[in-house]
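To keep things clear, I will list the structure first and then write my remarks on it.
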There are 2 protein chains.
Amino acid sequence: MKSNQTENNLPEPTKAELEILQVLWEFGPSTVRFVNDKLNEQREVNYTSTLKQMQILTEKGILKRDESQMKHIYIPVEAEEKTKVQLLDRFVNTLYRGSASQLMMQLLGNEKTSKQEIEEIKRLLDSME
Amino acid sequence: MKSNQTENNLPEPTKAELEILQVLWEFGPSTVRFVNDKLNEQREVNYTSTLKQMQILTEKGILKRDESQMKHIYIPVEAEEKTKVQLLDRFVNTLYRGSASQLMMQLLGNEKTSKQEIEEIKRLLDSME
DNA sequence: CTAAAGGTACGATGTTTTTCGTACGATACA
DNA sequence: TGTATCGTACGAAAAACATCGTACCTTTAG
């Protein structure tokens, strides 16, 4: 099958992979043990499952690791921002035909987006002038 | 495995399922034939593959269908808006811990979001006062 | 009437993603 | 110094997704 890459970039992380990335983004470079513990705060996962995922992530080039110690330390290759931008871009293209303003409208119309959030967005825009 | 539902809602559509939904959103209630033709404008898919997907979508309760004719007519159960809001909500929660303004910042910082888009967003916000 | 065209049903198969068991090496410490 | 603990490697099973072939029913045109 065709490999799933964007022009200049890494393959899209899967759902389980994203969970792991998020731990690494939040807490910085970590061991499998640490990541697995964090994941288990939310759902039950076997240690070796997490290990395997992180190995796969490394094969894919999404993570790299420091093997100088027995406890390998895993690190995302791309910065959080960059990866998120890619995902966001894909999301906008898929669901909103690339129209960021349409996405915005939905965000603003969404009850779950608080007044406070909206205010913050306005301030943000003003400061961009 | 745990079934994948949000509190009050339908299961998340998969990628292939989303493609189909998008055709239905754009063109309204349609036959399998019609949807399949649209999909084939973008990539090759066998008719029965599309049929199967749409049957699965129906089983899942994401589509319903009018069987009164031989050519069944498929219709999304939920409105486009509602489904997109769900997906967007999940997206914001997953990637931005629920912070819409953070997502915004990324949108605005994204080169692919044109000046024109940004202007439109500003106008939108102003008109909300 | 009948053959071709076009429809649905559905099992089987292929692929990708996810999870886990087992093997085995290193470390720690009683 | 041996045994329990904690690590990695890795194949394989399980689950989720996607695709397709085949059977079989309806409609339609000649």
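Keep in mind the model is a prediction, meaning the values are calculated, not measured.
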In terms of side-chain geometry, is the basic nitrogen of [X] or [Y] positioned less than 4.0 Å from the acidic oxygen of its partner?
X       : Y       : answer
B:Glu19 : B:Arg43 : yes
B:Glu78 : B:Lys84 : no
B:Lys60 : B:Glu17 : yes

Hphob cluster co-occupancy, [X] + [Y], side-chain heavy atoms under 4.5 angstrom:
X        : Y        : value
B:Phe27  : B:Leu63  : yes
B:Tyr96  : A:Leu103 : yes
B:Met104 : A:Met105 : yes

In whole Å, I'd like the distance from the [atom1] atom of [X] to the [atom2] atom of [N].
X       : N      : atom1 : atom2 : value
A:Glu19 : C:dT19 : CD    : P     : 7 Å
B:Lys15 : C:dT15 : NZ    : P     : 17 Å
B:Asn46 : C:dC10 : CG    : C1'   : 14 Å
A:Gln53 : C:dT17 : CD    : C1'   : 7 Å

Can you list, by residue number, the residues of residues 21-41 of chain A that have a non-hydrogen atom closer than 4.0 angstrom to DNA chain C?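 When residues 21-41 of chain A is checked for heavy atoms under 4.0 Å from DNA chain C, there are no hits whatsoever.
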Considering just the side-chain nitrogens and oxygens of A:Tyr47, establish if one lies under 4.0 Å of OP1 or OP2 belonging to D:dT8.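 For A:Tyr47, the contact criterion (side-chain N or O under 4.0 Å from OP1 or OP2 of D:dT8) is met.
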State whether B:Arg43 places a side-chain N or O below 4.0 Å from either non-bridging phosphate oxygen (OP1 or OP2) of D:dA18.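 Checking B:Arg43 against D:dA18: no side-chain N or O falls below 4.0 Å of OP1 or OP2.
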What protein N or O atoms touch nucleotides 24-30 of chain D N or O atoms at under 3.5 angstrom, if any, and at what distances?
none

Dump every N/O contact between nucleotides 10-13 of chain D and the protein below 3.5 Å, one line per pair.
{"from": "D:dG11", "atom 1": "N7", "to": "A:Lys52", "atom 2": "NZ", "distance (Å)": "3.4"}
{"from": "D:dG11", "atom 1": "O6", "to": "A:Lys52", "atom 2": "NZ", "distance (Å)": "3.3"}

